[in-house]
Participant: 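Mind looking over this structure? Questions follow.
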2 protein chains.
Amino acid sequence: MDTFFEQNTSFFLDNPKLAEDFQKIVSVTKFPKHFIIHESGKVCDDLYIITSGIARVFYYREDKNITCHFAAEQESITAIDSFIQRKKSKYYIEALEDLEVLKISHSDLEKLFTSSPKFEHFGRLFLQQIYIDLVERLDDLQLKTAKERYETLLEKKPYLFQRVASKHIASYLNITPETLSRIRGK
Amino acid sequence: MDTFFEQNTSFFLDNPKLAEDFQKIVSVTKFPKHFIIHESGKVCDDLYIITSGIARVFYYREDKNITCHFAAEQESITAIDSFIQRKKSKYYIEALEDLEVLKISHSDLEKLFTSSPKFEHFGRLFLQQIYIDLVERLDDLQLKTAKERYETLLEKKPYLFQRVASKHIASYLNITPETLSRIRGK
DNA sequence: AATTTTACTTGACAATTGTCAATAAATTAT
DNA sequence: ATAATTTATTGACAATTGTCAAGTAAAATT
């Protein structure tokens, strides 16, 4: 999970000056349900921390719509390929519910990192955290069966099954909607 | 790939002082073929940059030996869960050939990061790079067929097929040795 | 070099998951 | 509320990949 920011509020609480610097580059933004926040083929300049609602990252492969990331409250979302490499993205970002986010631009974030080693350090810790998350997901995908992947996700992110269309969960788990339906039907 | 260090030698060349600081914490070490450099259940204190040879990270799942990372010359290897989180690792690291590495301890690396924002910055960039690599691998595993995953690896790391046992490549691709043999037999 | 061990290949068959089609249910639009 | 559209479920069948077993090849050990 990247409830990392939540866990690290102490970082800001201990440092009113840093909290202020951070506040300055963050803007509260809202998107309606179904809104495409970012489109494939464009450079993604923003990172979002969700304060309310749920969103997904997806892309197309042979006409199929593949979800590769979900984010809900306290989690972050961006078109990571583009945000990091500053190139055109293969990903879309979609609001799956009405969304309220903290928006942070890449350039402001880089300035923040440059302005203070403490932020640079924080950025590195953040990347470490999401790297570990990704390693776990890869291990899951690498050798669990469809049913096991379903059960793992049910445990890690149970709210998805209440709030998100099954077809998105199916593609995230790398199975067809039919197979997911059969797994759920026990 | 994490030929990242190679590409970033300019970082050190431009900064003789930084290069010197880096040199100080690096030690050249050798391991013979088949040597288990790190064992599951222990905390991994070292990061290795390979200068000669090839190594793999693996773990056990239900008695099956699963390879989840390969590294060759100019690439880095560690038990990433443990190195980042400072907890017992699920992974083993094994030398698949006689190995010569640059060894860097976690504590020295952290000191280096703290000593200079430039290093902290470099650490963040390094993590960004390996994060992107991992995202690509996840995308591959998420929806390519066994044959496509084979072809992708053949393109990205052709030397593996000359230097590494097929069974390791098979588990890395999440297929059985039998299936890999059939794919190769065209 | 010979022996032992380990790895690779091939075949027959089984299991898992996917595809296609039809229907039911749910959501969205009118 | 009703109609239209999208999504989810279910069945029949097909395709991909896995399992098990046997034999061959290669590598490691003596």
Side-chain angles (χ1 to χ4, degrees), chain A residues 31-36 53-56 58 60-67 70 92 94-99 140-154 158-186, chain B residues 31-36 53-56 58 60-67 70 92 94-99 140-154 160-186:
Chain A
F31 300 108
K33 185 171 180 175
H34 295 138
F35 192 80
I36 300 295
I54 194 161
R56 71 177 181 126
F58 69 98
Y60 284 94
R61 175 173 159 87
E62 291 162 11
D63 282 353
K64 285 188 185 175
N65 185 309
I66 312 291
T67 298
F70 288 112
Y92 296 80
E94 179 189 9
L96 297 176
E97 297 174 351
D98 287 341
L99 214 61
D140 285 354
L141 271 179
Q142 193 177 358
L143 46 55
K144 292 185 176 171
T145 63
K147 193 180 179 192
E148 288 171 318
R149 295 200 299 277
Y150 165 77
E151 284 163 354
T152 302
L153 188 61
L154 195 56
Y159 54 86
L160 288 180
F161 296 83
Q162 267 85 56
R163 296 168 66 181
V164 163
S166 289
K167 59 175 184 173
H168 297 146
I169 293 174
S171 77
Y172 182 79
L173 292 173
N174 193 22
I175 54 182
T176 58
E178 292 92 332
T179 297
L180 179 57
S181 176
R182 287 178 180 116
I183 288 171
R184 300 182 80 165
K186 182 58 181 175
Chain B
F31 301 107
K33 186 171 180 174
H34 296 139
F35 192 79
I36 300 294
I54 194 160
R56 70 175 181 128
F58 70 96
Y60 284 94
R61 177 175 158 87
E62 291 162 12
D63 285 351
K64 286 188 183 173
N65 186 307
I66 312 291
T67 298
F70 289 112
Y92 297 79
E94 178 187 10
L96 297 176
E97 296 173 352
D98 288 342
L99 214 60
D140 285 354
L141 271 180
Q142 194 177 359
L143 43 57
K144 292 185 175 170
T145 64
K147 193 178 178 191
E148 287 172 318
R149 296 200 299 277
Y150 166 78
E151 283 163 354
T152 302
L153 187 62
L154 196 56
L160 289 180
F161 296 83
Q162 267 87 57
R163 297 167 66 181
V164 164
S166 289
K167 61 176 182 170
H168 297 147
I169 293 174
S171 77
Y172 182 79
L173 292 173
N174 192 22
I175 55 181
T176 58
E178 291 93 333
T179 298
L180 179 57
S181 175
R182 288 181 178 114
I183 289 170
R184 300 181 81 164
K186 183 59 177 173

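Any value given below was found using the heavy atoms of this structure, including those in side chains, with hydrogens, waters and symmetry copies removed. Quick caveat: nothing in here was measured; it's all calculated off a predicted structure. Every chain is numbered from 1, with letters handed out A, B, ... down the list of sequences.
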Participant: For the side chain of B:T179, starting at C-beta, report the closest nucleotide among C:dG18, D:dT17, D:dT9.
Facilitator: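 The answer is D:dT17.
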
Participant: Keeping B:R56 on the side-chain end and B:E94 on the backbone end, is there a donor-acceptor pair under 3.5 Å?
Facilitator: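 Not a single qualifying donor-acceptor pair exists.
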
Participant: Measure from the side-chain heavy atoms of B:H34 and tell me the nearest of D:dA28, D:dG18, D:dT10.
Facilitator: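 Nearest listed nucleotide: D:dA28.
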
Participant: Report yes if a donor N or O on one partner sits less than 3.5 Å from an acceptor N or O on the other, where the partners are the side chain of A:R182 and the base of D:dG11; otherwise report no.
Facilitator: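 Result: at least one qualifying N/O pair found.
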
Participant: For A:L173 and C:dT17, give me the distance from atom CG to atom P, rounded to whole Å.
Facilitator: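 One finds 12 Å between P of C:dT17 and CG of A:L173, rounded.
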
Participant: Does some side-chain heavy atom of B:D98 sit less than 4.5 Å from a side-chain heavy atom of B:F31?
Facilitator: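 B:F31 does not reach B:D98 side chain to side chain.
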
Participant: Reckon B:K144 touches a base, only the sugar-phosphate, or nothing at all at heavy-atom distances under 4.0 Å?
Facilitator: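 Result for B:K144 = nothing.
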
Participant: Over how many whole Å does the gap from A:Y150 atom OH to D:dA8 atom C1' extend?
Facilitator: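 For the pair A:Y150 OH and D:dA8 C1', the rounded distance is 14 Å.
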
Participant: Could you state the CG-P distance from A:D63 to C:dT19, rounded to the nearest angstrom?
Facilitator: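 It is 13 Å, rounded to the nearest whole Å.
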
Participant: Counting only side-chain heavy atoms from C-beta out, which of D:dA21, D:dT10, C:dA12 sits nearest to B:E178?
Facilitator: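 Closest nucleotide to the B:E178 side chain: D:dA21.
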
Participant: When you measure from the side chain of A:K167, which nucleotide among C:dG18, C:dT28, D:dT6 comes out closest?
Facilitator: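 Selected nucleotide: D:dT6.
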
Participant: Are B:F161 and B:Y150 near enough that their ring centres are under 6.0 Å apart?
Facilitator: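 Ring centroids of B:F161 and B:Y150 are less than 6.0 Å from each other.
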
Participant: Below 4.5 Å, heavy atoms only, C-beta onward: do A:L153 and A:D140 meet side chain to side chain?
Facilitator: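 No; the side chains remain at least 4.5 Å from each other.
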
Participant: Just to confirm, is there a sub-4.0 Å distance from OP1 or OP2 of D:dA15 to any side-chain nitrogen or oxygen of B:K147?
Facilitator: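 No, B:K147 has no side-chain N/O under 4.0 Å of OP1/OP2 on D:dA15.
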
Participant: Between B:L180 and B:K33, which residue's closest nucleotide on DNA chain D lies nearer the 5′ terminus?
Facilitator: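 The residue closer to the strand's 5' end, by nearest nucleotide, is B:L180.
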
Participant: Rounded to the nearest angstrom, tell me the gap between atom CG in B:N65 and atom P in C:dT6.
Facilitator: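 Computing the B:N65:CG to C:dT6:P distance gives 13 Å.
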
Participant: Using a 3.5 Å distance criterion without hydrogens, assess whether the side chain of A:T67 forms a donor-acceptor pair with backbone atoms of A:Y172.
Facilitator: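 Side chain of A:T67 to backbone of A:Y172, a donor-acceptor pair under 3.5 Å: no, none is there.
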
Participant: Rounded off to whole Å, could you give me the CZ-to-P distance for the A:R163 and C:dA26 pair?
Facilitator: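 A:R163 atom CZ is separated from C:dA26 atom P by 21 Å.
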
Participant: Please state how far atom CZ in A:R184 lies from atom P in C:dA25, giving the value in whole angstrom units.
Facilitator: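 After rounding, the gap between these two atoms is 16 Å.
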
Participant: Could you tell me the separation between the CG atom of B:L96 and the P atom of D:dA28, rounded to a whole number of Å?
Facilitator: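 B:L96 atom CG is separated from D:dA28 atom P by 12 Å.
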
Participant: B:I175 CD1 to C:dT16 P: how many Å, rounded?
Facilitator: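 To the nearest whole Å, that distance equals 19 Å.
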
Participant: Using only side-chain N and O atoms of A:T176, determine if any of them is under 4.0 Å from OP1 or OP2 of C:dT17.
Facilitator: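 Negative; the distance criterion is not met.
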
Participant: Look at the side-chain N and O atoms of A:S181 and state whether any lies under 4.0 Å from the OP1 or OP2 oxygen of D:dA8.
Facilitator: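 For D:dA8, OP1/OP2 do not have a side-chain N/O of A:S181 under 4.0 Å.
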
